[in-house]
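All values below come from the heavy atoms of this structure, side chains included, with hydrogens, waters and symmetry mates left out. We name chains A, B, ... by the order of the sequence lines, and we start the count at 1 in each one.
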Number of protein chains: 2
Amino acid sequence: MNRMQQPARDTALATTRPYGPALERLRGVGLRPTRQRLALAKLLFDTDDRHVTAEMLHGEALRARVRVSLATVYNTLHQFTDAGLLREIVVDAERSYFDTNVSNHHHLFDEGTRYLYDIPEADIRLDSLPPLPDGMEVSRVDVIVRIKKA
Amino acid sequence: MNRMQQPARDTALATTRPYGPALERLRGVGLRPTRQRLALAKLLFDTDDRHVTAEMLHGEALRARVRVSLATVYNTLHQFTDAGLLREIVVDAERSYFDTNVSNHHHLFDEGTRYLYDIPEADIRLDSLPPLPDGMEVSRVDVIVRIKKA
DNA sequence: GTGTTTGCAAAGTGTTTGCAATTTA
DNA sequence: TAAATTGCAAACACTTTGCAAACAC
C-alpha cells in the first residue's frame, strides 16, 4: 500500500516546531521533500490557516503549474495528516476536508458554499461530558456550527 | 428522480405528533404505507432511539424476512429524513448514519466499533457562538465526542 | 385506472491501490 | 543502487438513478 511506504517519523516535532518553510516541515516529520510534496506543502502552509479538499488542492497545484496527480494529492494529504501537519475534518458526507490548523478549535460550515471556517476554541464552552464507557477515552471533540442563508 | 416523487406533506406533524404505530407515522407525513416502508418504519421506530446506516437497516430487514432492496432502503431513509422522521448525522466519512431521535442532542462516536450514541443536549453547554456572516443563520450545531480505547 | 413505489442493474462520486517508471538519498 | 515516491488506470465502497413491473388508492 502506497501510504504505508513512508518511514518512521517523529510526530511531536510537527506541532511544536515553529513555523518554517515547507522544506523544514517535511524534514521535521521525516517525509522526503519531493517536488510534489514541497509544492503542496507550500500551497498549504505558506498562507493563513486553510481548509482544503483533495480536488481543491489539486486544482490549485495545476493552476500553479505544478504537475501532480490527484492520487498523489490524496496520498500526500493523508501522509501530512498522519504526520500531524494536517487534521481531517468530517463535515460533509460528499468529500473530505483537511485543516492546516491542527490546534484545538471548532468549525463553522456554510451549507450553501460548503466552505469551512475556524472557530477559536474559546468561543465555545463545553461543560460536563457524559460518563464514558469503561476503558474509553475522548480522542477529540468536534463542534460544527452549520449555517445557511437566513 | 425517485426521491422527488413523494407528494407534499406536512413536516411539522412529524415531530409534534405523539409516538404512534408505524402506519400512523407514515400517514402523518403523507408517505404511502407500502409494505417496505411499514416494515422499515417498524424496525426504526418500534424500539428505543437508534442510529442506523443503510447497510445495517437493510441487513435487519432481511433477517426479519422483509424483502426489500438496498436501493429502497436508501430512498426510504432519505424520504423519512425529508419528512422529519429521521435526522442524518455526519460523523464518518465512509457512510451515512440516520438517527431516530430528531430532537436537539449531541453524539458520542466510538471510533473502534463505529457505533453512535446520543448525548442529551443538557450535557453540553455552548456559550457564545461567533458572529455569523451577514444574512446567515445557524441551521444546526453538531457536537461529536469521538472516543477510543484508552 | 392513475399515479406512486419498487427492484434491478447500471451509473456516479469520491477515494484507494497495484505496479512499472521515476526520483531521491 | 537501493529504497521511496509517483502517475496511471483499474478497482473500490457507498450512494443514486432510469426504467419497467408491481402496487396503492
Side-chain angles (χ1 to χ4, degrees), chain A residues 1-9 22-23 26-41 51-59 61-62 65-83 86 88-98 114 116, chain B residues 1-9 22-24 26-27 29-41 52-59 61-62 65-83 86 88-98 114:
Chain A
M1 191 207 306
N2 265 334
R3 265 202 263 152
M4 299 279 92
Q5 289 176 216
Q6 61 188 274
R9 71 288 182 231
L23 182 64
L26 294 181
R27 291 236 168 90
V29 297
L31 288 171
R32 282 192 182 176
T34 64
R35 179 175 58 75
Q36 291 86 338
R37 292 213 276 233
L38 272 169
L40 296 177
H51 302 89
V52 301
T53 64
E55 290 281 6
M56 285 166 60
L57 185 58
H58 186 232
L62 297 187
R65 301 279 187 291
V66 175
R67 288 175 32 266
V68 58
S69 71
L70 182 56
T72 294
V73 172
Y74 272 108
N75 290 165
T76 302
L77 286 171
H78 283 119
Q79 290 157 179
F80 285 7
T81 300
D82 293 346
L86 291 177
E88 188 172 357
I89 312 289
V90 181
V91 271
D92 185 337
E94 316 298 309
R95 69 206 100 248
S96 295
Y97 285 75
F98 295 85
R114 322 218 96 163
L116 250 191
Chain B
M1 193 207 307
N2 265 333
R3 265 202 261 154
M4 298 280 92
Q5 288 175 216
Q6 61 188 273
R9 71 284 181 243
L23 182 64
E24 286 189 20
L26 295 181
R27 291 235 169 89
V29 296
L31 289 172
R32 281 195 184 176
T34 64
R35 178 176 59 75
Q36 292 86 336
R37 285 191 195 149
L38 271 170
L40 296 177
V52 300
T53 65
E55 290 280 5
M56 285 166 60
L57 185 57
H58 186 232
L62 297 187
R65 302 278 187 291
V66 176
R67 288 173 35 265
V68 59
S69 72
L70 182 57
T72 295
V73 172
Y74 271 107
N75 289 326
T76 302
L77 285 170
H78 283 120
Q79 289 157 180
F80 285 8
T81 300
D82 293 345
L86 290 177
E88 187 171 357
I89 313 290
V90 181
V91 270
D92 186 336
E94 316 297 309
R95 69 207 100 247
S96 295
Y97 285 75
F98 295 85
R114 323 219 96 159

Q.
With rounding to the nearest 0.5 angstrom, report the CG to CZ distance, A:Leu86 to A:Phe98.
A. 7.5 Å
**Q.** Between C:dT13 (P) and A:His58 (NE2): distance, integer Å
**A.** 17 Å
Q: Between B:Glu94 and B:Thr76, just flag the one whose closest nucleotide in DNA chain C comes earlier from the 5' side.
A: B:Thr76
(Q) Closest approach to the side chain of B:Ser69, judged atom by atom: which nucleotide of C:dG7, C:dT15, D:dC8 is it? (A) C:dG7
Q.
Looking at every non-hydrogen atom in both residues, tell me the closest pair between A:Val90 and B:Ala93 and how far apart they are.
A. CG1-N, 4.0 Å
Q) Can you tell me how far the OG1 atom of A:Thr72 sits from the CG atom of A:Leu57, to the nearest 0.5 Å? A) 11.5 Å
Q: Could you tell me which non-hydrogen atom of A:Val66 sits nearest to which non-hydrogen atom of A:Ala39, and how far apart they are?
A: CG1-CB, 3.5 Å
Q) In whole angstroms, how far is the P atom of C:dT4 from the CG atom of B:Leu38? A) 19 Å
**Q.** Rounded distance in Å - CZ (B:Arg67) to C1' (D:dA21)
**A.** 13 Å
Q: Grab the CG-C1' distance between A:Leu26 and C:dA25 for me, whole Å please.
A: 15 Å
Q | Nearest heavy atoms of B:Leu77 and B:Ala54, plus distance in Å | A | CD1-CA, 3.7 Å
Q: Check the distance between D:dT15's P and A:Asp92's CG and give it to me in whole angstrom.
A: 13 Å
Q. Between A:Ser96 and B:Thr72, which is nearer to the 5' end of DNA chain C once each is assigned its nearest nucleotide?
A. B:Thr72
Each nucleotide N or O in nucleotides 23-25 of chain D that has a protein N or O under 3.5 Å away: list the pair and distance.
none

Q) What heavy-atom pair brings A:His58 and A:Leu70 nearest, and what distance separates the two atoms? A) NE2-N, 3.4 Å
**Q.** With sequence neighbours excluded, residues passing side-chain hydrogen bond (donor to acceptor under 3.5 Å, both in side chains) with A:Arg67
**A.** none
Q) Over how many whole Å does the gap from B:Leu70 atom CG to D:dC14 atom P extend? A) 10 Å
Q) Just how far, in rounded Å, is C1' of C:dT15 from OH of A:Tyr97? A) 15 Å
Q) Which nucleotide in the list D:dC8, D:dT16, C:dG7 gets nearest to the side chain of B:His78? A) D:dT16
Q: State the CG-CD distance between A:Leu31 and A:Gln79, to the nearest 0.5 angstrom.
A: 6.0 Å
Q) For the atom pair CG (B:Asn75) and CZ (B:Phe80), what is the distance rounded to the nearest 0.5 Å? A) 11.5 Å
Q: Please tell me which of the listed nucleotides, D:dT16, C:dG7, C:dT15, lies nearest to the side chain of B:Tyr74?
A: D:dT16
Q: Would you classify A:Glu55 as touching base, sugar-phosphate or nothing, given that sugar-phosphate means primed atoms plus P, OP1 and OP2, and contacts are heavy atoms under 4.0 Å?
A: nothing
Q: Starting at the 5' end of DNA chain D, write a dot or bracket for each base, bracketing those in Watson-Crick or G-U wobble pairs whose two distances are under 3.5 Å and using | for partners on another strand.
A: |||||||||||||||||||||||||
Q.
Taking the minimum atom-to-atom distance to the side chain of A:Asn75, which one of D:dG7, C:dT6, C:dT17 wins?
A. C:dT17
Q | Spacing of B:Leu77 atom CG relative to D:dT15 atom P, expressed in whole Å | A | 10 Å
Q) Which atoms form the tightest heavy-atom contact between A:Leu23 and A:Pro33, and what is the distance? A) CD1-CB, 3.5 Å
Q. Among C:dT6, D:dG7, D:dT15, which nucleotide sits nearest the side chain of A:Gln36?
A. D:dG7
